[in-house]
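Scroll down for the structure; my scribbles are underneath it.
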Amino acid sequence: MPRMVILDGNSLANRAFYALPPLTTADGRPTNVLHGFLTMLFKLEQEQQPDYWVVAFDKTKATVRIEQYAGYKAQRKETPEGLRPQFDYLKEILTEMDVPILELAGYEADDLIAAITKQAEAQGMEIQIYTGDKDALQLISPKTNVYLTKKGISEVERYDETALWERYQLRPLQIIDLKGLMGDTSDNIPGVPGIGEKTALKLLWEFGSVEDVLANVEKVSGKKVQGNLKEYADQAILSKKLATMLTEVPLEFSSQDFVFRRAQGVKVLPVLQKYDLKNVTRLWLERHKDDDERVTEPSESALGKWPQRQLSEEEWLAQIKEWETQKNPITLTCRYEGTGLQGGRWLEWGVAVQGETFSLTRAEVSEKVCQAWLDLMGNEQVPKTFADSKTVALLLANDGAELKGLSLDLSLASYLIQSSRTKFAPLDLVKEYFPNQEAFESAADEAGGLAQVAPRFEEDIHSLGLPSLLHDLEEPLSLVLAQMERQGIAVDSEQLIAFGEGISHTLKELEQDIYGLAEETFNINSPKQLGTVLFEKLGLPAAKKTKTGYSTDAETLEDLRSVHPIVAKILDYRQLNKLISTYVNGLLAQAKEGRIHTTFQQTVTATGRLSSTEPNLQNIPIRLEQGRQLRKVFHPTEPGWVLLSADYSQIELRILAHYSQDPLLCESFALGQDVHTRTAAEVFGISLDEVTPDMRRSAKAVNFGLVYGLTEFGLSRDLGIPRKEAKFYVEQYFKRYSGVKRYLEGVVTQAKQDGQVRTLLNRLRRIPELMHSNRVQRQFGERIAMNTPVQGTAADIMKLAMLKVAEGIKPYKADMLLQVHDELLLQVAPEDLESVACVLKENMEKAYSLSVPMTVECKVGPNWYDMKPFHLKQ
DNA sequence: AGATTCACG
DNA sequence: ACGTACGTGAATCTT
């Protein structure tokens with residue numbers, strides 16, 4: 001007898017979701033259902049060897065049953081946030097595996113299962129139903145068995161007529177009567193109040209069915225039960241109707257639709273890898289190790305290789321002209337020489353256009369072809385796709401050429417889709433959609449590969465609502481960043497050396513003093529040796545510990561200052577040593593021809609901020625005077641020009657005000673008040689002029705902490721006050737600023753539902769930590785959820801401002817040099833200072849309109865240290 | 001490669 | 001009873 005296996009997709013997915021720990025992919029997409037379901041599926045396939053099989057899913061938009069009883073499922077819980085997306089993933093995988101899926105608008109899996117069962121029985125099949133839902137027991141017949149999941153998901157219990165009788169002493173159809181009487185909270189079937197499973201069973205054993213019970217209601221023992229049965233007779237009948245699985249589904253299926261087919265192993269691997277399903281992949285490979293790859297149908301998920309054409313000198317010129325006229329999108333990769341980008345030189349271009357690829361090698365073509373090529377790169381009308389447009393822009397700039405017509409940057413696209421990604425080389429980008437792809441042999445192949453994934457990236461960008469963020473913000477910004485990097489900032493190496501020599505001198509003295517006080521020489525830079533000296537030899541009280549031993553960080557040492565004179569020396573040593581090694585030596589090593597060119601990373605941070613490397617010019621000392629002096633070595637590159645800086649005042653708190661619409665916070669900014677003083681007044685319940693500097697300091701720390709996801713611990717540590725006091729501040733704050741509290745709670749709730757948060761410009765960050773079983777991890781996720789929209793929106797706004805400023809200063813003698821998160825640094829010719837400062841301030845303040853005003857403060861000076869406030873004339 | 005420390009917003 | 005403020009990069013020591 002042919003055997004058909006029917007799986008209740010919804011029920012099993014639900015069981016898997018609750019039975020398994022919250023597993024996720026590396027980027028945080030939930031996958032526990034996939035593991036559970038597929039493991040069970042493999043086991044079942046092996047043990048039962050079905051001839052036919054199918055997985056049924058709900059398509060619940062408008063259920064037939066809703067018309068019958070308005071309350072039906074009305075109270076059913078929303079699908080949990082971690083489960084919902086997994087249905088789509090699961091269907092995607094099942095489709096790849098050639099496992100038939102059945103769903104029908106307006107019907108639940110239950111009803112489809114009942115209908116298929118009936119038809120399969122008529123065709124003389126043996127039927128096995130796999131589900132976690134006891135409702136299905138009503139379908140049991142001599143030909144049909146039901147397999148109910150026991151704890152977990154891959155363990156099942158088989159029910160045939162005999163087993164059902166042994167368990168409940170009921171016949172299959174009486175399951176409907178059972179539900180009619182006892183109801184089902186999960187399906188919101190009401191049943192009869194006061195009747196649970198035990199009473200219902202007793203009644204059915206005695207009378208047989210709901211109708212029989214009601215007909216003989218006077219004979220029912222128990223006053224209360226009898227009363228309820230009388231009162232809720234209609235409800236009992238209705239409940240029975242609701243519990244009945246519909247077999248009347250307007251769908252004819254041929255058994256051919258459900259034939260068991262064994263998908264070829266390799267075809268399924270990419271999708272399993274896409275969801276990081278390591279165990280499932282292992283199981284799959286085990287089962288399919290004998291598959292013959294040679295007979296595998298050409299897989300949709302393998303990257304095709306586009307043919308490469310070799311062009312002669314004349315053909316190149318003609319081809320480039322053709323591309324200029326046709327304006328078809330072209331995809332490019334670039335091989336280049338040189339470390340980094342300063343002076344880097346392109347060697348070869350891989351080109352993919354319309355299903356063909358080309359390779360243009362500098363050494364093999366004439367100067368004329370090169371020039372034609374550079375013109376093509378500068379042709380705004382020809383749309384171009386790159387893996388990394390900033391690098392390309394810099395390489396072209398080194399040839400005196402410009403990059404125009406940038407239509408898609410795949411690294412930026414990939415970053416916006418998945419900000420946690422770390423690798424953006426062309427091969428990594430291709431592997432995103434074709435995990436099996438091997439290294440490309442040529443630049444041409446590489447371009448061909450990129451051209452084939454480009455549409456996939458665009459689809460994902462589109463479906464996540466990111467096209468504008470990508471095309472209108474990040475992509476144009478990459479070209480602005482390229483200009484800034486290329487421009488560089490001037491540093492006076494001799495001044496830097498002199499600065500270092502002064503410090504070195506003090507450092508040597510400190511070193512000797514420390515050795516003297518310790519009565520031995522040791523490596524002060526080694527936390528391990530330092531810990532031994534301080535806490536063992538000198539017997540100082542050890543407060544904190546790290547994973548590996550004593551903690552010797554500044555915070556710990558600060559508390560020991562008064563205990564031993566060596567401590568202060570060590571703190572000084574550390575500070576100066578940092579200046580020497582990271583800044584003096586670090587910057588000297590990077591200075592070329594009097595300039596430093598940082599690299600702005602646009603695809604690194606989780607929040608959308610930029611970062612700066614080799615060297616990092618976003619963390620040049622400023623807080624302590626000694627370090628701040630270092631800023632004197634940063635000058636304009638042009639003689640006579642000045643540095644002009646502009647920084648956003650309280651941008652993150654303003655964004656918090658905008659998001660939360662808290663009346664007090666909004667008012668504070670609308671009135672142009674000092675926000676920390678106002679906060680202090682609110683928290684301490686006093687007037688603005690009664691606020692002491694210490695109160696303001698506390699309020700400032702609260703405001704600071706808010707943006708990070710305020711904790712009592714963090715605040716108490718920051719202010720050096722007891723937890724209790726910190727708790728008081730937090731409570732008082734949220735009492736007064738209840739809108740902020742409501743907003744922050746709302747963000748976390750929403751984030752838990754979506755598994756992600758977004759900024760004002762729609763930038764997305766997934767937060768897998770929110771679903772961790774570990775409480776500490778989860779709370780971390782909650783703080784990320786509170787911080788990211790604020791920090792990320794600030795980053796969005798600054799990026800927007802940079803685009804406008806870059807455009808606005810074009811008529812003037814001015815260059816943008818650096819961005820330090822909420823500050824821009826420019827160099828300007830003195831005659832254009834007033835105009836440029838105006839452009840700068842205006843564009844930053846009006847970059848994006850919030851419900852509170854944005855203010856920007858400008859400073860000007862001959863170097864990055866001596867910056868004085870600059871006020872516009874009007 | 002990972003941990004520690006410290007510079008910035 | 002836990003173990004915490006958010007986001008980075010560089011230098012250094014240790015394994």
Side-chain angles (χ1 to χ4, degrees), chain A residues 419 522-531 544-558 570-571 573-587 589-590 598-601 604-624 626-628 630-631 647-653 656 701-719 723 726 730 744 757 765 767 769 774-792 794-795 798 818-824 864:
Chain A
S419 55
F522 64 100
N523 187 346
I524 309 171
N525 289 322
S526 160
K528 195 181 170 194
Q529 292 182 40
L530 181 63
K544 265 200 312 187
K545 283 212 148 186
T546 65
K547 277 183 195 166
T548 52
Y550 304 106
S551 174
T552 65
D553 62 16
E555 199 194 329
T556 310
L557 296 187
E558 207 55 54
I570 288 166
L571 283 165
Y573 176 93
R574 279 253 179 90
Q575 205 190 111
L576 296 182
N577 194 52
K578 178 89 175 177
L579 290 178
I580 286 281
S581 59
T582 302
Y583 297 102
V584 175
N585 295 339
L587 291 176
Q590 299 284 345
T598 186
T599 300
F600 287 108
Q601 306 293 340
V604 165
T605 71
T607 54
R609 276 187 173 181
L610 299 178
S611 84
S612 156
T613 58
E614 290 180 292
N616 181 353
L617 293 184
Q618 290 181 320
N619 72 345
I620 302 302
I622 188 166
R623 292 174 188 168
L624 298 174
Q626 201 157 23
R628 189 176 194 149
L630 209 125
R631 295 190 167 220
D647 64 284
Y648 280 114
S649 151
Q650 305 294 347
I651 185 169
E652 295 191 341
L653 273 184
L656 184 64
V702 172
N703 282 332
F704 203 59
L706 272 175
V707 174
Y708 298 156
L710 196 60
T711 65
E712 289 158 23
F713 176 86
L715 187 62
S716 74
R717 196 166 57 79
D718 199 44
L719 284 172
R723 286 280 289 268
V730 174
L744 292 174
V757 289
R765 178 179 184 179
I767 313 180
E769 290 88 348
N774 179 313
R775 208 196 78 209
V776 176
Q777 281 291 303
R778 224 167 36 240
Q779 288 176 335
F780 179 50
E782 291 168 4
R783 293 195 295 272
I784 293 174
M786 294 187 258
N787 172 264
T788 299
V790 174
Q791 189 184 123
M798 175 54 107
L818 298 176
Q819 185 250 48
V820 192
H821 310 308
D822 62 357
E823 172 190 0
L824 286 180
W864 208 7

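Side chains are part of it too, since the values below use all heavy atoms of this structure and drop only hydrogens, waters and symmetry mates. Remember, predicted model here, so these are calculated numbers, not experimental data. We name chains A, B, ... by the order of the sequence lines, and we start the count at 1 in each one.
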Have a look at [X] and say if it touches a base, only the backbone sugar-phosphate, or nothing, with a 4.0 Å heavy-atom cut-off.
| X | value |
| --- | --- |
| R775(A) | base |
| V820(A) | sugar-phosphate |
| K547(A) | sugar-phosphate |
| I622(A) | sugar-phosphate |
| V790(A) | nothing |
| T788(A) | nothing |
| E614(A) | sugar-phosphate |
| A785(A) | nothing |
| L715(A) | base |
| N585(A) | nothing |
| A606(A) | sugar-phosphate |
| T711(A) | base |
| A554(A) | sugar-phosphate |
| N616(A) | sugar-phosphate |

Would you tell me if any nitrogen or oxygen in the side chain of [X] comes within less than 4.0 Å of OP1 or OP2 on [N]?
| X | N | answer |
| --- | --- | --- |
| R574(A) | dC6(B) | yes |
| T546(A) | dT4(B) | yes |
| T552(A) | dT5(B) | yes |
| R783(A) | dC6(C) | yes |
| K528(A) | dA3(B) | no |
| T582(A) | dA11(C) | no |

If I pick the [atom1] atom on [M] and the same atom on [N], what distance separates them, to the nearest angstrom?
| N | M | atom1 | answer |
| --- | --- | --- | --- |
| dA3(B) | dA5(C) | P | 16 Å |
| dT4(C) | dT4(B) | P | 11 Å |
| dA7(B) | dG3(C) | C1' | 25 Å |

Counting heavy atoms from C-beta on, name the nucleotide in [options] closest to the side chain of [X].
| X | options | value |
| --- | --- | --- |
| T607(A) | dG7(C), dA10(C), dA3(B) | dG7(C) |
| P527(A) | dT4(C), dC6(C), dT5(B) | dT5(B) |
| I784(A) | dT4(B), dC8(B), dG7(C) | dG7(C) |
| S581(A) | dT12(C), dT5(B), dA5(C) | dT12(C) |
| F780(A) | dA5(C), dA7(B), dC6(C) | dC6(C) |
| Y708(A) | dC8(B), dT14(C), dC6(C) | dC6(C) |
| T548(A) | dC6(B), dG7(C), dA3(B) | dA3(B) |
| P621(A) | dC8(B), dG9(C), dC6(B) | dC8(B) |
| N787(A) | dG9(C), dC6(C), dT5(B) | dC6(C) |
| N523(A) | dC2(C), dA10(C), dC13(C) | dC13(C) |

Any side-chain heavy-atom pair from M798(A) and R609(A) closer than 4.5 angstrom?
no
May I ask you to test the R574(A)-T552(A) pair for a side-chain heavy-atom distance under 4.5 Å?
yes
Using atom [atom1] of [X] as one end and atom [atom2] of [N] as the other, report the distance to the nearest whole Å.
| X | N | atom1 | atom2 | answer |
| --- | --- | --- | --- | --- |
| Q618(A) | dC6(B) | CD | C1' | 16 Å |
| L579(A) | dT12(C) | CG | C1' | 16 Å |
| D822(A) | dG7(C) | CG | C1' | 13 Å |
| Q601(A) | dA10(C) | CD | P | 8 Å |
| I651(A) | dG9(B) | CD1 | C1' | 11 Å |
| E782(A) | dC6(C) | CD | C1' | 14 Å |

Considering residues at least two apart in sequence or located in another chain, which fulfil the ring pair (Phe, Tyr, Trp, His ring centres under 6.0 Å) criterion with F600(A)?
none
Got more than 12 heavy atoms from elsewhere within 6.0 Å of CD, E823(A)?
yes
So what's dC13(C) paired with, Watson-Crick or G-U wobble, going by both distances under 3.5 Å?
dG2(B)
What is the base-pairing partner of dC2(C), counting Watson-Crick and G-U wobble geometry with both distances under 3.5 Å?
none
Return yes if the base of [N] and the side-chain atoms of [X] contain a donor-acceptor N/O pair under 3.5 Å, otherwise no.
| X | N | result |
| --- | --- | --- |
| E823(A) | dG9(B) | no |
| Q791(A) | dC6(C) | yes |
| R623(A) | dG9(B) | yes |

Centre of Y550(A)'s six-membered ring, under 6.0 Å away, within 45 degrees of the axis: is that where NZ or CZ of K544(A) sits?
no
With distance as the sole criterion, is a donor-acceptor pair present between the side chains of S716(A) and R723(A) under 3.5 Å?
no
Among T598(A), T599(A), N619(A), which residue meets the side chain to side chain donor-acceptor pair (under 3.5 Å) test with S612(A)?
T598(A)
